[in-house]
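Working notes, structure below.
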Amino acid sequence: MTEQTVAPEKTLGATLLPMEEFVAAIYDVGKNFYHDKHPLHRRMYQGKLSKEEIQGWVANRFYYQTQIPIKDGLILSKSNDKEVRREWIHRITDHDGDKDNRGGIEMWLDLAEAVGLDRQETADLKLLLPDAKTAVDSYAEFVMDHPLFECVAVSLTELFASRIHKSRIDSWPEHYPWVDKQGYTYFRDRLTRSPPDAAWGLEFVKEAATTPDLQRRAREAVLYKCNLLWDLATAIEEGFSPERKAWKPKLSKKARLRFDEIEQVDFVLLPEKGLKLTENSAEIVKRCDGEHTRSEIIAGLQEALSQEDPREVKISAMIFIDEFEQKGILE
Amino acid sequence: MTPERKYRPYNLVAELTYKCPLQCPYCSNPMNYGETFRDELSTEDWGRVFREAAQLGVMQVGLSGGEPGARKDLPEITKAATDAGLYCHLVTAGTVFTKEKLAKVKEAGLVSAQISVQDSDPANSDLIAGVPSFDKKMEFAQWCRELELPITLNVVLHRLNLDHIDDIVALAKRMQCHRLEMANTQYYAWALENRDLLMPTREQLDGAREAAKKAREDNPGMEILFIIPDYYADLPKPCMGGWGGQVIQIQPTGKVLPCAAAEVIPDIVYESVRDKSLVEIWHHSEAFNRFRGTDWMPEPCRSCDRKEIDFGGCRCQAMMLTGDPRNADPTCQYSPHHDIVVEARKAAERPVRPPSEIVYRTLSPRAIPQAEPIPVKVAAT
């Protein structure tokens, strides 16, 4: 009758991992911290976003699209190797377009129109939220401050991107039939462009990550990017849904938190079921007292778990809270 | 971990009474309960039992029956369980309450209520229950909503309602349930008596399973359980998490069992909380230790690599179908007695007894009601 919830896995960097384990560690970052698990995206695929929220996401995410060619231009300037530059340069034209290709930025503006936004207003960033801008602006700054290796590693989130594009293509027509189908071109386009870029990037990083420290920095770069995308999603979620921002999670009426003297662990008790909580999970549930917002809960948690990476704590906690909300344990 | 700690009960099923206005033909109460069960444990007895249970590690109590609402002291019993630190869940048909009584039980600490409904179709529900009851249950659910008591809807599935999954899910949504439990009848006690009438066809079961799967996808906010009949599984269930493993069942008179059906095993003496503490019974009684571990197992279980996974399945089913409780559960494909189950499945494909021949659960077993039954649509055969 009990289920054990999972704790986040450990960071690497102490010893040089065999290649297979290093790659697995990179994929684990995606599995645990990529924004497809963000409550905004989960609600998007379940058809729970309002038209305003969809529009808000498209408008703010557009700013991210505009910054991609800029950061790619900066990355280009870091390499002495013409082979690397030849490979990388198409990422700029993928977004800016050329004679054969409309380009990702124009395609995203098509999407904006498809969801009912004004093309010019979107291009002029009229709906851009300050927090979204902050999250996105940190990307170009990161690229300026870091060597080529880490900038390539940052792009490895492309390894996880196909599934998020696919989820959009799969769920939008059913849940948001009011969106004009021609708007999906960007998602479809990325399904073919993204995998070869990701594969090239992974090979580059694998070849270059020859020390424990480089392996650690590669993982750190991927985590940095996951965190950026996560914060962007949070900014959009809270910016366009004041009730989500104001939400103060608490245990629902069917749930009881109980410390078990015998096993010395906390349980959440539910009808005919009990969930055995890990120490960190219990820390989260105890803070869901109906008195604190999600961001306050996370701030308290980051302080209490100061030995852990605050970004990992934040993302894990938000996923945990979201899952418990979905199960009707938190409300 | 000491041997004593190896077996920890998490859940207590407190059968407060066998009185019940309903007469469901798959009732899990014993078939011989009759007059001997009038001598029910007192409020104080239950209070002591709950404290002993908590000491053993029990966290949750299902206040069950019969119909627990038939106990006048249900609020006091609920309070005693809550005071002992237990999470209280009421398992009821909901037909004997007033709103005031339910409010008192809630006030006493009740966390959630499970309401049984026999079918989404009111007439069929009443036919299966043996008495008009559907409307009362809906009223009870209304009170639960008003009192903000989370509702689980429980529908026991079988041949006569298995084609109604979509309607049952719709009913659960109308009732604003957070949880829907759809468990197929298992063939013990009264259900075994009615097996040829209740056993579904393979086609019915497959259709229902698909419908439940889809309902789960369409309703992420509702926890939807769908449990198949053992007879259609290829491997047995880890019954009760193993004999004497996680659950304690206490009868209205105080007799302590590892599960509701355990009395079918004839040579076990089950002890009573009237004579001994629950702690003593759980850890040291011959009854609870009889099938713990794996040393008691004969072949094919003894050499099976699943013996620590499913514990050889259900002892009671082995007893009922093979005459020896140590045998592998015949629902297991490796059991030499598996043909019994296969034959029962085959029989379900042929025309069966009409619903007018339901053997209802009554105080005097095997009585067939004289009233003209309501016509009911029986699944295609």
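Atoms considered below: every heavy atom in the structure, side chains included; atoms not considered: hydrogens, waters and symmetry mates. Lettering follows sequence order; numbering is per chain, from 1.
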Taking the side chain as everything from C-beta on, heavy atoms only, tell me whether [X] gets closer than 4.5 Å to [Y].
X	Y	result
F267(A)	Y10(B)	yes
Q60(B)	E272(A)	no
K254(A)	Y87(B)	yes
Q46(A)	P220(B)	yes
M59(B)	R258(A)	yes
K253(A)	L149(B)	no
D260(A)	R8(B)	yes

Crowding at [atom1], [X] (>12 non-hydrogen neighbours, <6.0 Å):
X	atom1	answer
E279(A)	CD	no
K314(A)	NZ	yes
E280(B)	CD	yes
K31(A)	NZ	no
E20(A)	CD	no
K173(B)	NZ	no

Under 3.5 Å donor-acceptor, R256(A) side chain and L86(B) backbone: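 Side chain of R256(A) to backbone of L86(B), a donor-acceptor pair under 3.5 Å: no, none is there.
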Between E148(B) and chain A, which part of the residue has a heavy atom less than 4.5 Å away: side chain, backbone, both or neither?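 Both parts, backbone and side chain.
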Shortest non-hydrogen contact from I262(A) to G57(B)?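 Minimum heavy-atom separation between I262(A) and G57(B): CD1-CA, 3.4 Å.
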Nearest-0.5 Å distance, SG of residue C88(B) to CG of residue L269(A):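 Reported to 0.5 Å precision, the distance equals 11.0 Å.
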Measure E263(A) against the heavy atoms of chain B and call it side chain, backbone, both or neither at under 4.5 Å.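 For E263(A), heavy atoms of backbone and side chain both lie under 4.5 Å from chain B.
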